[in-house]
Student: 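My questions will all concern the structure given below.
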Protein chains: 2
Amino acid sequence: MDASSKSRAPSGPVPIRRTVQGEIIRTVFEDAQRPLSSREAHELALKIQPRIGIATVYRAINRFIEEGLVTPVDIPGVGTHYEAAGGSHHHYFYCGGCGRVYVIPGCPGQISAMLPPGFRMERHDIVLHGRCRDCAV
Amino acid sequence: MDASSKSRAPSGPVPIRRTVQGEIIRTVFEDAQRPLSSREAHELALKIQPRIGIATVYRAINRFIEEGLVTPVDIPGVGTHYEAAGGSHHHYFYCGGCGRVYVIPGCPGQISAMLPPGFRMERHDIVLHGRCRDCAV
DNA sequence: TTGTGTGCAAATTGTTTGCATCACG
DNA sequence: CGTGATGCAAACAATTTGCACACAA
C-alpha cells in the first residue's frame with residue numbers, strides 16, 4: 001500500500017539495468033586505459049562474450065556517455081573513439097604508425113587567450129598527430 | 001617520328017582539367033572565408049549551377065586536397081569540414097548555437113612541451129567549442 | 001510480472017565508386 | 001579525338017532504429 005516503501009521518486013531518472021553485456025563493455029573501456037574505437041571495443045567484447053552485437057556496443061556506449069562514464073574522443077581524419085571518463089583533464093596523440101590513440105596529460109594553458117572578444121568557450125580539444133616512440137623513425 | 005613534338009614527359013603528373021563545376025566549387029571555398037561542410041559547399045554550388053551532384057563536390061574536394069588547395073578540418077562531434085588552404089597557421093571555434101565554424105588565428109604555443117619523450121609531432125589540431133558572439137547568452 | 005537491454009536486420013547518413021557520356025585541351 | 005570530369009545510382013562504411021524476445025529488478 002505504501003507507494004514510497006521503495007523510496008522511488010514518482011518519475012525519477014530512468015533506472016539503468018545491470019546486464020552481462022553492459023558490464024563486459026564497461027570493463028573493456030575501464031581496462032583499456034586509452035580511447036577505443038567502436039570496432040576495437042566490439043572486438044574486445046567479443047573475446048569475452050562471442051554473441052555481443054555491434055548495436056549493443058553502440059547502445060551501451062551511448063548509455064555510458066549519458067551517464068558520464070564514457071567520453072567520446074574524435075580523432076581528426078581517423079574517426080570517433082571513446083574512453084572511460086573520470087581522468088583529469090588531458091588531450092590526445094594519434095600515432096600514424098600503429099594507429100593507437102595515446103592520452104597526453106596536461107594542457108598548454110593560454111587557450112582562452114585565443115578567444116575572440118564576446119566568444120564563450122565551453123570546451124577545447126587538442127589532438128596531436130605524429131609518431132609514438134615505438135613507431136619513430 | 002618525333003614523339004616529343006608536344007614536349008610531353010613520358011609519364012608526367014596527371015594534368016588537371018579546368019571545368020565549370022570545378023571552378024564553381026573552388027570559388028565557393030575561396031569566397032567562404034571559413035570551413036564548410038560538404039553539404040554547405042554543395043548547397044552553395046547548387047545556387048550557381050543547379051545540376052551539380054554531390055559526388056562531383058566530393059571528387060572536386062578530394063582533388064583540391066591532393067593539389068593542396070583545400071584542407072580538411074575535422075570538428076569533433078560535428079563532422080568533416082573543408083577550407084581553402086594557404087592561410088597562416090590557425091585553429092577553429094565551433095559555435096553550438098549557429099553551427100558555424102570560425103577560424104581562430106594564432107596558436108597557444110607550448111604545444112610540443114606536452115609531447116612525451118620519444119614522440120615526434122607532425123601536426124596539431126585545436127578546436128574550441130562554445131558560443132560565438134552572436135549566439136552568446 | 002514489467003519493462004529495459006539484447007540480437008538481428010533494415011534504415012539512415014556521409015562518402016566513394018562504376019559506368020555511360022560530356023567536353024577540355 | 002583521347003582522357004579526365006560529371007551525373008546518376010548503386011555500393012560502402014559507420015551509426016541508429018524497429019521489433020520480438022530475454023532477463024534484471
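Every chain is numbered from 1 and lettered A, B, ... according to where its sequence line falls, protein lines coming before strand lines.
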Student: Sequence neighbours left out, what passes side-chain contact (heavy atoms from CB on, under 4.5 Å) with A:Arg39? Give chain and number order.
Tutor: A:Ser37, A:Glu43
Student: Counting only side-chain nitrogens and oxygens, does B:Gln21 get under 4.0 Å of the OP1 or OP2 atom of D:dG7?
Tutor: yes
Student: Crowded around B:Glu67 CD? As in, over 12 foreign heavy atoms under 6.0 Å?
Tutor: yes
Student: Distance only, no hydrogens: is a donor on one side chain within 3.5 Å (strictly under) of an acceptor on the other, for A:His124 and B:His91?
Tutor: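 No, no side-chain donor-acceptor contact under 3.5 Å.
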Student: Just checking B:Gly79: base, sugar-phosphate only, or nothing, at a heavy-atom cut-off of under 4.0 Å?
Tutor: nothing
Student: For D:dT6, does OP1 or OP2 lie under 4.0 Å from any side-chain N or O of B:Thr19?
Tutor: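 Yes, B:Thr19 has a side-chain N/O under 4.0 Å of OP1/OP2 on D:dT6.
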Student: Could you list the donor-acceptor pairs under 3.5 angstrom formed by side chains in residues 130-137 of chain A, with sequence neighbours left out?
Tutor:
none

Student: Just to be sure I understand the rule, does A:Arg17 reach a base, reach only the sugar-phosphate, or reach nothing, if contact means heavy atoms closer than 4.0 Å?
Tutor: base
Student: Would you jot down, in residue-number order, the residues of residues 26-46 of chain A having a non-hydrogen atom under 4.0 Å from DNA chain D?
Tutor: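 Under 4.0 Å from DNA chain D: A:Ser38.
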Student: Is it true that B:Arg26 and B:Glu23 have a side-chain N and a carboxylate O under 4.0 angstrom from each other?
Tutor: yes
Student: Between B:Glu40 and B:Arg34, does any NZ, NE, NH1 or NH2 come within less than 4.0 Å of an OD or OE carboxylate oxygen?
Tutor: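 Looking at B:Arg34 and B:Glu40, the cut-off is met.
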Student: Distance check needed: D:dA5 C1' versus B:Ile61 CD1, whole Å only.
Tutor: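 Atom-to-atom, B:Ile61 to D:dA5, this comes out as 15 Å.
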Student: For DNA chain C, which residues of residues 62-75 of chain B approach it to below 4.0 angstrom with any heavy atom?
Tutor: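 Per residue number, the list reads B:Asn62.
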Student: Pairing donors with acceptors under 3.5 angstrom, does anything connect the side chains of B:Tyr82 and B:Ser38?
Tutor: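 No pair is found: no donor N or O on one side chain lies under 3.5 Å from an acceptor on the other.
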Student: By ring-ring contact (aromatic ring centres under 6.0 Å, His included), which residues pair with B:Phe64, not counting sequence neighbours?
Tutor: none
Student: CD1 of B:Ile25 versus P of D:dG4: gap in Å, rounded?
Tutor: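 Result: 19 Å.
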Student: Please confirm whether the ring centroid of A:Phe93 lies under 6.0 Å from the ring centroid of B:Phe119.
Tutor: yes
Student: Got a sec: does the CD of A:Glu66 have more than 12 other heavy atoms crowding it under 6.0 Å?
Tutor: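 No, the 6.0 Å shell around CD holds no more than 12 heavy atoms from other groups.
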Student: Mind running a 4.0 Å heavy-atom check of residues 48-60 of chain A against DNA chain D and sending the residues that fall below it, in number order?
Tutor: A:Ala55, A:Tyr58, A:Arg59
Student: CD1/A:Ile104 to OH/A:Tyr92 distance, rounded to the nearest 0.5 angstrom?
Tutor: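 Rounded to the nearest 0.5 Å, the CD1-OH separation comes to 10.5 Å.
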